[in-house]
Structure formats: C-alpha cells, structure tokens
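Read through the structure below, which is laid out as structure tokens, and then see the notes.
Both counts, for ligands and for their atoms, begin at 1 and track the order of listing. None of the values given here were measured: they were computed from a predicted structure.
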Amino acid sequence: MAAPLPRPPVVLSIAGSDPSGGAGIQADLKTCSALGAYGTCVITALTAQSTRGVTHVHEVPTEIVRAQVETLVADVHVEVVKLGMLASVAIVEMVHELLVTGPLATVPVVLDPVMVSTSGSRLLAPDAVAAVRALLPRADVITPNLPEAAVLLGEDTVGTVDGLRGQAQRLLDLGARRVLLTGGHLEGDASVDLWADAGGSVPIEAPRIATSSTHGTGCTLSSAIAALRPRHEDWLSAVLEAKAWLTEALRHGDSLDIGGGPGPVHHFHEQSRWQAPLSTGRVANR
Ligand SMILES: Nc1ncnc2c1ncn2[C@@H]1O[C@H](COP(=O)(O)OP(=O)(O)OP(=O)(O)O)[C@@H](O)[C@H]1O
Ligand SMILES: Cc1ncc(CO)c(N)n1
C-alpha cells in the first residue's frame with residue numbers, strides 16, 4: 001500500500017474569477033497546487049476577461065459571499081486567507097466582518113488590495129477604497145503594487161526605490177502590520193520589491209525577466225506567500241521563497257503561449273514532464 005502523503009496546508013482565496021486562468025481565483029488555486037497547499041476559494045465577482053482585458057464585471061451578492069465562507073469554514077479548517085478582488089464596499093465590509101467577528105477571526109490574512117487590472121479596468125469601486133483602508137490592520141501582510149499603494153495613501157505613484165520606503169512607512173502608519181510593496185511597475189534590470197515591518201525595511205530583488213507574460217503576477221505572488229507561510233517560521237521567509245518561485249514562473253510564462261495579450265506566468269514551471277511534446281498533436285476525445 002502506498003505511504004500516505006503529507007497533509008497540505010489549506011489556503012482560502014477570497015477573490016474574483018478570471019476565465020483566462022492567469023489571475024484571480026484561478027491563479028490562486030494553481031499557485032496553491034504548485035506549492036503543495038490545498039486551495040479553496042470564495043468568489044466575490046465574475047469577470048469576463050481574457051489576456052487582452054476585462055469586458056464585464058458581475059458582483060456576487062453579499063449574502064452569497066457570506067454563505068460561501070460560512071458553509072466552507074463550518075466544514076474545512078482554513079490555515080491562511082488570501083484576499084484579492086473584493087469589488088464593492090458591501091463585499092469589503094462583509095469580508096471584514098467575517099475576519100473580525102466571524103468564523104475567520106483567528107486566521108492569518110494576506111491582503112492583495114486589487115484595484116485595477118493590468119489592462120486598466122477597475123476591479124474595485126472607487127468608493128470602496130476607504131473600506132479597504134480600514135481592512136489594513138486586520139491583514140498580516142499587504143501586497144500593494146505602486147498604483148494601489150498610492151491610492152491607499154491618497155498620493156501620487158512613486159517611481160524610485162527610495163520613494164518606496166516612504167510609502168511603505170506611511171502604509172505601516174495607516175495600520176498595516178507588514179508591507180510588501182511590489183515594484184513590477186518600476187524600470188531597471190532588477191525587479192525590486194520593498195518589505196517593511198516594525199523592524200524596518202529591506203529591498204527584495206530578483207532579476208527583471210524580459211517577458212510580456214505578466215498577467216496575474218500580483219495575484220500569484222500573494223497566494224504564493226499564503227501557500228508557503230505554513231512551511232516557514234515567519235512571513236519574510238515565506239515572502240522570499242514566493243518571490244524566487246514567481247521569478248521562475250515569469251521566466252517560463254512565454255512558453256505557455258496563451259492568448260494574444262499579456263499572457264499568464266507558468267505556475268507549473270517545475271514540472272518538466274509538462275514540457276514534453278505531445279505525441280500526436282491532438283487530444284483524443286475520450
Ligand atoms: N518582468 C518582471 N520580471 C521579474 N519580476 C517581475 C516582473 N514584473 C513583475 N514582477 C514581480 O511580480 C510581482 C508582482 O508585481 P507587480 O507590481 O507587477 O504586481 P501587480 O501590478 O499587482 O500585478 P498584476 O496586476 O499583473 O497581477 C513583484 O514581485 C514584481 O517584482
Ligand atoms: C479577477 C481578477 N483579480 C485580480 C486581477 C489583477 O491582476 C485580475 N486581472 N482579475
């Protein structure tokens with residue numbers, strides 16, 4: 001009889017659906033599978049979306065978001081929550097309540113404050129920014145990109161690593177406990193993110209990959225941090241492994257060749273058997 005496999009940590013992603021599979025819930029579940037976690041999900045919004053952009057957003061009724069969480073958590077023990085697209089004031093406030101007085105009150109949280117897609121479509125209502133700001137103290141780690149940090153702070157986007165330090169500090173002042181400010185939108189040979197917590201700040205560098213396959217990098221990074229957290233002693237160690245893994249996923253994204261716009265990263269880049277050529281070039285219909 002085969003030996004039992006180790007039990008994977010359970011991650012819950014509360015986020016929007018991306019039918020193209022590169023961002024949102026779909027990216028989060030793939031990331032969990034790739035990194036040895038068990039992914040569960042609660043969908044906050046359906047988007048009609050491809051690698052070329054978002055055409056429609058349909059919010060899930062707040063009570064259905066609540067029911068998804070309550071039904072799941074009554075049965076499954078969730079170890080880490082990742083928050084992505086929360087769409088509206090009502091959904092942000094509902095999720096906040098579940099995280100403070102509801103069944104998720106003791107679960108660690110990674111918050112990716114998703115606001116706008118890579119292609120420029122709004123994924124968070126403008127009037128919901130204050131509600132997301134109010135959620136910051138409940139998150140163990142927040143992973144804003146530069147435009148999201150600027151919106152949360154009511155400031156202009158910064159363009160330098162020095163500027164990142166000031167913004168990260170001001171996010172801590174707003175109540176965030178740990179900040180990973182992602183610098184994918186900066187120029188340069190390195191892709192520099194800034195980690196900041198009560199102990200200070202440290203740049204986290206990786207080589208900048210020359211690729212157009214960057215759809216869903218933020219979702220993938222934040223869910224990788226959630227998936228890896230139970231395997232590490234602290235958040236920063238999980239962040240360092242997540243960033244290194246994401247860099248490899250970016251390195252192999254172009255080989256997926258999905259869609260005509262910015263494609264997804266390769267979540268399963270470590271499974272080389274996927275890279276073997278198909279024997280017939282056709283998939284049998286059975
Ligand atoms: N070309 C690249 N090469 C290496 N790392 C990159 C590249 N582009 C982005 N990254 C990294 O990906 C992570 C997410 O970065 P980014 O700031 O682009 O997030 P995002 O804008 O929220 O992503 P998205 O909206 O596409 O999901 C960061 O660690 C960033 O440094
Ligand atoms: C559903 C969803 N969440 C997040 C993003 C940001 O990449 C996206 N494009 N779509």
Side-chain angles (χ1 to χ4, degrees), residues 13-29 31 41-60 82-87 91 110-124 141-151 157-159 161 164 167 179-195 203-225 239-254 259 261-266:
S13 168
I14 305 181
S17 162
D18 168 12
S20 75
I25 286 284
Q26 289 80 354
D28 296 344
L29 293 179
T31 300
C41 62
V42 160
I43 300 187
T44 55
L46 305 178
T47 71
Q49 174 173 185
S50 71
T51 63
R52 296 180 197 269
V54 179
T55 57
H56 295 78
V57 173
H58 177 74
E59 289 164 23
V60 170
K82 176 246 154 105
L83 304 177
M85 175 182 179
L86 297 176
I91 295 177
V110 178
L111 166 62
D112 183 13
V114 170
M115 294 184 186
V116 177
S117 71
T118 318
S119 54
S121 297
R122 278 214 153 270
L123 302 176
L124 181 76
V141 181
I142 64 167
T143 63
N145 63 23
L146 302 188
E148 289 158 356
V151 171
T157 305
V158 297
V161 177
L164 296 187
Q167 286 207 324
V179 179
L180 182 68
L181 196 44
T182 65
H185 298 245
L186 290 172
E187 306 278 305
D189 293 342
S191 175
V192 187
D193 302 342
L194 188 80
W195 172 260
I204 300 180
E205 282 193 28
R208 180 169 293 281
I209 310 298
T211 177
S212 57
S213 303
T214 54
H215 180 82
T217 48
C219 305
T220 299
L221 179 65
S222 55
S223 50
I225 296 167
V239 165
L240 292 173
E241 188 183 348
K243 167 87 170 167
W245 175 82
L246 172 69
T247 305
E248 290 309 301
L250 276 153
R251 206 187 293 283
H252 295 283
D254 288 348
V265 303
H266 200 318

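- The closest donor-acceptor contact from the side chain of S121 to the backbone of S117 lies at 3.5 Å or more, if one exists at all.
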Atom pairs and distances, donor-acceptor, side-chain atoms in residues 141-149, under 3.5 Å, two or more places apart:
unit_1 : atom_1 : unit_2 : atom_2 : d
T143   : OG1    : D112   : OD1    : 3.4
N145   : OD1    : E148   : N      : 2.9
E148   : OE1    : N145   : N      : 2.9

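- In plain terms, the two heavy atoms of P203 and V192 that are nearest each other are CB-CG1, 3.9 Å.
- Judged by distance alone, the side chain of T51 and the main-chain N or O of G261 form a donor-acceptor pair under 3.5 Å.
- Not a single salt bridge (Lys or Arg N to Asp or Glu O under 4.0 Å) links E205 to another residue, sequence neighbours left out.
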Could you go through ligand 1 and list every pair where one of its N or O atoms sits under 3.5 Å from a protein N or O, giving the atom names and the distance to one decimal?
unit_1   : atom_1 : unit_2 : atom_2 : d
ligand 1 : 1 (N)  : I209   : O      : 3.0
ligand 1 : 3 (N)  : I209   : N      : 2.8
ligand 1 : 5 (N)  : S191   : OG     : 3.1
ligand 1 : 17 (O) : T182   : O      : 3.4
ligand 1 : 17 (O) : T182   : OG1    : 2.7
ligand 1 : 17 (O) : G184   : N      : 3.1
ligand 1 : 21 (O) : N145   : ND2    : 2.8
ligand 1 : 21 (O) : H185   : NE2    : 2.7
ligand 1 : 22 (O) : N145   : ND2    : 3.2
ligand 1 : 23 (O) : T217   : OG1    : 3.0
ligand 1 : 23 (O) : G218   : N      : 3.1
ligand 1 : 26 (O) : T118   : OG1    : 2.9
ligand 1 : 26 (O) : T214   : O      : 3.2
ligand 1 : 26 (O) : T217   : OG1    : 3.4
ligand 1 : 27 (O) : T217   : N      : 3.3
ligand 1 : 27 (O) : G218   : N      : 2.9
ligand 1 : 29 (O) : D193   : OD1    : 3.4
ligand 1 : 29 (O) : D193   : OD2    : 2.5
ligand 1 : 29 (O) : K243   : NZ     : 3.2
ligand 1 : 31 (O) : S191   : OG     : 2.5
ligand 1 : 31 (O) : D193   : OD1    : 2.8
ligand 1 : 31 (O) : K243   : NZ     : 2.9

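- Formation of a donor-acceptor pair under 3.5 Å by the T44 side chain with backbone atoms of A15 is found in this model.
- At least one donor-acceptor pair closer than 3.5 Å links the side chain of T47 to the backbone N or O of S17.
- Heavy atoms only, all atoms of each residue included: S212 and D254 are closest at N-OD1, 3.8 Å.
- Listed here is the closest heavy atom pair of T214 and P262: OG1-CB, 4.3 Å.
- At a 4.0 Å heavy-atom cut-off, the residues surrounding ligand 2 are G16, S17, A23, G24, Q49, M85, V114, S117, L123, C219, listed by chain and number.
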